[in-house]
Every structure is written in C-alpha cells, then in structure tokens.
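Data block below; observations after.
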Amino acid sequence: MLPIFGLHGADSKSYLPREDHLDVMPMTRLPLIYKISLDLAASYNFHLTARAYAIPGEYDGERYQCLYTLEGMPTALVARVHQGDLVLSFFSEAKLPPSGLLEIASHILGFHEDLEEFYTIVSRDPLLHPVSTTLRGMHMKATYSLWNGFLIAICQQNASFRQGWTMYSKIVHLFGDTKILEDGSTVHAPPTPNALLTIGERIRKAGTGYRAETILNLAQYFSEHPELQAPPSEVSEKLLQQLKRVKGVGEYSFRVALLFSQRRYDLPPVDRWVARLLSEIYANKPLNLKEAEELSKQLWRSWCGLSIFFMTITLNAAIISKALEVAKTGRINPITDGDQLSPLTLWRNLKL
DNA sequence: TGCCAGGCGGGGT
DNA sequence: ACCCCGCATGGC
C-alpha cells in the first residue's frame, strides 16, 4: 500500500443532538463515532468513483453513503469531498477502532489503489482508452460484504443493465434495513441472508423472476456458513469455491461477486456481452466464452476483471447491438451526467 | 405484441 | 467438452 495520503487529525466536534422529533416510529439515530479528513491524491476522483453503479440513496451528487453490519451492529460510512480533502464519517452503535474503520473505507472506495500500470495498458485500447483520460482517477467501488457482491451478481443474470440494477435496487429499498444517522440522513443496507429467508418468495415483488430461487439458495447457504460473513479478506479460498455449488451460481456470477466484493481484478467475468465485443472488436472472429477469457488475459493481464468493469462504463452498459454499433462506428463516450441512464447516472435516473 | 437481455442447469450429442 | 432449450420479468 502506497503512502499517498497525508492524514489530518480527526474532527470530533459538531453534530450536536437535534431537537426535532419523528412522530411515526421513533428510531434511534446512529451516532457518529469517527470522522477523518484525508488529503486527496490527484490520482483519485471521488465523484466518478462514488457514482459508478451507485443506486438511488447511495449517492446524491455530493455524498456517498452505505450501511453494513459490523460485529453485529449497523455501521454507516459517509464520504464527501470538502476543500480538496476526502472527509469520511462513520456512524455506529459499535465501538470500532479507527484503523479498522479506515481499512473498510479504503476497501469500499479504493483510494489506496495505484492504477498507473493499468492506465498504461489501456491508454491505446479501442474501448478502454477513456479510462486513462476523461475517466482518469475513477476507481471501482467495492461492496463491503461478499454477500452483497453475490446479491448484485445474481441480479445481472440474463438481464439488461437497466433490469438488473432496478431489481437490485428494489431488493435493497423494499427489504433492506433502513437507519437514520445522527446527522439526520437516511441510509439503506442490503437485506441480510436471514432477512431474505424470512421474506421468502415475496422477493419476487422486486422483479427477480426465476432468480428468486438462486437468491434464496444463496441466503440459505450464507445463513448456514457464518464464516462467509466475515470481512471479505478473511474468507478462505476453499470456502469461496464452495459457493459455485449453490444451485443457480455459475462461473459468471461467482466472478462478478468476487470482483465487486474483493477486487479480484485478475478474474474476468466473461459473459455473452463481453464475448461478442472481444470477438468483433479485438479478434475479428467469433470466440466462445473460454477463448474470450483467454484473450482478455492476453490483452489486460492481471487487470482483465477491472477492464471488463470499465468496459461496461465506457460503453454505457448498452445492449450488445448498440454497444457494437458504437464501438465500430462512433466515438466511445461514457455518459457521466444528464438524464440518460448509464452506470454513472443510475443514482439519479433509475426509476424504482 | 412478441422478442430479447452481462446466465444457468439439465439433457441431449 | 460441447450445443440447445426453457426459464420469469420488464422494456422496447
């Protein structure tokens, strides 16, 4: 890990209790337990990072927030930029050491990463070159939990980008936990495995279709194997591999889950969409999934998983016919703003 | 209105 | 190891 950030002192003032009352369902507000300001490296773009694949409620154009269970207690991370610093606030009922909290924030936001080698590799890439220019400084945002990674992955099965993320967003908003922070804001957590087991078939209300069965199979498996709910880096490789035996979890979903939750950049989640692009843009001949995977490793080496993540962003996650048309004729032009739905505008344009 | 969309597993070769 | 099909759901 490179020492690219200078740490400023923690700011413990502010956030006095408010006088306003909730007249329905009084709820304990999560107290601020730690706040720190980090000197932002020029190589890190917070707003591009935060908005990529952020669902409504997770990012609002100013701040990024997420909620997870840590040591059995709901814990929220709020991040924003203030005067060139990355300001991180942690809210929880648990007492957690600052070092652990910072590690979690770093895992989620990726501000520790050095992408210079990756930029060199993609700087002349026909589909990825914007990553080293207009999108420079954008990192992949990771989920804190392995479970969350799988939940997102299953939602992407045989679905368009819009359908997959609508599905996931509905699952979070309909069935997830909701907390109010000390600063008055509301934050959502993805439903836990046990919560989903209670919900059962009603998860179909989120539009999951036949994926409901897979999600419930996974919830059951996670519920029976609490070791899987440890911090992602502490889950053994052997235990991870077992997850592929859950019915409905194939190679693609497994890799998406590990990419999103563990930053496994060396594990390319190759689907039909990626295989078609690699076939027609890079190979000029049809490739099956295995051949496409091999080519992705040749092209991008240990960064092939991250390349595929960024490819969905540079092509705005368009359906394959549209993506091919753009890739062959038009300019690669990632949509970062405005009313059109793209991975970078989900947070404001996704209708639930 | 059918038809398709970042898969998957079961059942064929 | 392949190939092929059906599977829910929602959007065009």
Side-chain angles (χ1 to χ4, degrees), chain A residues 52-53 55 127-128 140 143 149-171 173-175 199-218 221 243-261 264-265 267-282 286-296 300 304-327 334 339-346 349-352:
Chain A
Y53 290 106
I55 61 174
L127 302 183
L128 298 176
M140 193 191 79
T143 63
F150 272 93
L151 201 50
I152 292 171
I154 302 308
C155 291
Q156 313 307 316
Q157 291 182 1
N158 195 29
S160 67
F161 152 78
R162 178 197 295 272
Q163 186 182 7
W165 286 93
T166 302
M167 211 183 290
Y168 172 67
S169 195
K170 282 184 174 174
I171 290 172
H173 284 87
L174 289 173
F175 308 121
I199 288 149
E201 287 294 312
R202 280 173 291 163
I203 195 181
R204 289 171 184 269
K205 291 283 180 197
T208 54
Y210 58 73
R211 300 164 198 84
E213 199 184 328
T214 303
I215 293 171
L216 294 174
N217 288 343
L218 268 172
Y221 195 84
L243 279 157
K244 276 193 249 184
R245 298 170 54 178
V246 174
K247 191 175 172 190
V249 178
E251 193 64 36
Y252 168 77
S253 302
F254 180 79
R255 291 182 181 197
V256 169
L258 262 59
L259 176 63
F260 278 15
S261 66
R264 285 292 301 268
Y265 296 160
L267 220 49
V270 177
D271 49 26
R272 292 182 303 200
W273 189 85
V274 169
R276 282 287 299 278
L277 284 160
L278 284 168
S279 300
E280 302 201 22
I281 307 302
Y282 296 87
L287 305 173
N288 62 28
L289 291 181
K290 188 70 190 164
E291 293 165 333
E293 177 183 342
E294 289 311 312
L295 179 56
S296 80
W300 305 303
C304 50
L306 187 63
S307 290
I308 290 172
F309 168 82
F310 273 116
M311 189 178 293
T312 69
I313 289 177
T314 60
L315 294 173
N316 299 313
I319 60 169
I320 190 61
S321 54
K322 175 77 178 166
L324 283 171
E325 181 192 328
V326 165
D339 295 333
Q340 203 178 326
L341 190 67
S342 83
L344 304 180
T345 66
L346 268 182
N349 294 333
L350 198 64
K351 292 194 289 283
L352 298 186

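Labels below follow one simple rule: chain letters A, B, ... track the order of the sequence lines, proteins then strands, and each chain is numbered from 1. These numbers come from a predicted model, not from an experiment. Just so it is clear, the values below take in all heavy atoms, side chains as well, and ignore hydrogens, waters and symmetry mates.
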Check the distance between [N]'s [atom2] and [X]'s [atom1] and give it to me in whole angstrom.
X	N	atom1	atom2	value
A/Leu324	B/dG6	CG	P	10 Å
A/Leu277	B/dA5	CG	P	13 Å
A/Ile319	B/dC3	CD1	P	16 Å
A/Lys290	C/dC3	NZ	C1'	18 Å
A/Asn288	C/dC2	CG	P	6 Å

Scan nucleotides 4-12 of chain C nucleotide by nucleotide, 5' to 3', and note B when protein non-hydrogen atoms come under 4.0 Å of the base, S if they reach only the sugar-phosphate, - if neither. ---BBBSSS
Minimal non-hydrogen separation, A/Phe161 against A/Pro343, with atom names: CZ-N, 3.5 Å
Indicate the atoms forming the closest heavy-atom contact of A/Thr166 with A/Lys351, along with that distance. CG2-O, 4.0 Å
What about A/Tyr53: does its side chain form a donor-acceptor pair under 3.5 Å with the base of B/dG6? yes
Does any N or O in the side chain of A/Gln156 come within less than 3.5 Å of the main-chain N or O of A/Ile152, such that one atom is a donor and the other an acceptor? yes
Short question: side chain of A/Arg264, backbone of A/Leu259 - any donor-acceptor pair under 3.5 Å? no
Taking only N/O atoms, report every protein-nucleotides 9-11 of chain B pair under 3.5 Å with atom names and distance.
| from | atom 1 | to | atom 2 | distance (Å) |
| --- | --- | --- | --- | --- |
| B/dG9 | OP1 | A/Gly248 | N | 3.2 |
| B/dG9 | OP1 | A/Val249 | O | 3.4 |

What nucleic acid atoms does A/Ile320 come within less than 4.0 Å of, heavy atoms only: base, sugar-phosphate, or nothing? sugar-phosphate
Answer with base, sugar-phosphate or nothing: what part of the nucleic acid does A/Ala212 contact at a heavy-atom distance below 4.0 Å? nothing
Distance, [atom1] atom - from [M] to [N], rounded to whole angstrom:
N	M	atom1	answer
C/dG10	B/dG9	C1'	23 Å
B/dG6	C/dC2	P	24 Å
C/dG11	B/dC8	C1'	22 Å

Give the C-alpha distance, both sets of side-chain angles, the deciding distance and a yes or no for side-chain contact (heavy atoms from CB on, under 4.5 Å) between A/Trp273 and A/Leu315. CA-CA 11 Å; A/Trp273 189 85; A/Leu315 294 173; 4.0 Å; yes
Let me see the working for A/Asn158 and A/Arg272 under side-chain contact (heavy atoms from CB on, under 4.5 Å), right down to the final yes or no. CA-CA 9 Å; A/Asn158 195 29; A/Arg272 292 182 303 200; 3.3 Å; yes
Are more than 12 heavy atoms from other residues, nucleotides or ligands located less than 6.0 Å from atom CD of A/Glu251? yes
Take atom NZ of A/Lys322 as the centre, draw a 6.0 Å sphere, and report whether it contains more than 12 heavy atoms from other residues, nucleotides or ligands. no
Give the C-alpha distance, both sets of side-chain angles, the deciding distance and a yes or no for side-chain contact (heavy atoms from CB on, under 4.5 Å) between A/Met140 and A/Phe260. CA-CA 8 Å; A/Met140 193 191 79; A/Phe260 278 15; 4.3 Å; yes
